[in-house]
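Here's the structure, in C-alpha cells; my notes come after.
Computed from a predicted structure; not experimentally measured.
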Amino acid sequence: MCLNRGIKPLVGSALFTEYRDVIARDELFRNCPVERGDREDLLDALFSVAEWVKIHFLWRPNLRDESDNHLIELAVAGGAEVIISANKRDLNF
C-alpha cells in the first residue's frame, strides 16, 4: 500500500535506524528467498515514499517494551491517524 501510495508511512531517525539494523540481520532471513540486496532495495523504496518526521521532544508513554516508545512519539509528531504494526504484544492499547 505504501509503494502504491495508498498510505504514507512516517519515518523518524529511530525507526530508520531500527529498520536498517533489522534488514542487515541475515540470521533473521535465513529461510527467506529474498537476498539482502533486494531487501535493502525494498526498504529504500519504502523510505522514498515515506514522510520524514523530526521529533523535537521525548514523550515516553511507557509501553511494555521501552524500545517501542519511539513509535508513539513518531505518530504524535507526525499527526498519524493510525499505527499499523504486527506487534500486538507491545502496542496493544
Exercise. According to a 4.5 Å side-chain heavy-atom criterion applied to Ile, Leu, Val, Met, Phe, Trp and Tyr, with indirect links allowed, do V49 and I7 form part of one hydrophobic cluster?
Worked result: no
Problem set entry | From CD (E51) to CG (L74), nearest 0.5 Å | 9.0 Å
For this session: Would you mind reporting whether I72 and I83 have side-chain heavy atoms less than 4.5 Å apart?
Result: yes
Exercise. For the residue pair Y19 and F47, does the interplanar ring angle fall in the parallel (under 30°), tilted (30 to 60°) or perpendicular (over 60°) class?
Worked result: parallel
Exercise. Of all heavy-atom pairs between I23 and R39, which one has the smallest distance, and what is that distance?
Worked result: O-NH2, 3.2 Å
Problem set entry | Check ion pair R89-D68 (N to O, under 4.0 angstrom) | no
Problem set entry | Full working for side chain to side chain contact (heavy atoms under 4.5 Å, CB included) between L3 and L42 | CA-CA 9 Å; L3 297 179; L42 180 59; 3.8 Å; yes
Exercise. Considering all heavy atoms of both residues, which atom of I55 and which atom of A77 are nearest to each other, and what is their separation?
Worked result: CG1-CB, 4.1 Å
Exercise. What's the spacing between L46 CG and F16 CZ if we round to 0.5 Å?
Worked result: 11.0 Å
Exercise. At their closest point, which heavy atom of V53 faces which heavy atom of G78, and how far apart are they?
Worked result: CG1-N, 3.8 Å
Exercise. Rounded to the nearest 0.5 Å, what separation is found between the CD atom of E73 and the CG atom of L15?
Worked result: 12.0 Å
Exercise. For atom CD of E81, is the number of surrounding heavy atoms from other residues, nucleotides or ligands below 6.0 Å larger than 12?
Worked result: no
For this session: Can you establish whether the number of heavy atoms outside E40 located under 6.0 Å from its atom CD is more than 12?
Result: yes
For this session: To the nearest 0.5 Å, tell me how far N87 CG sits from L71 CG.
Result: 8.0 Å
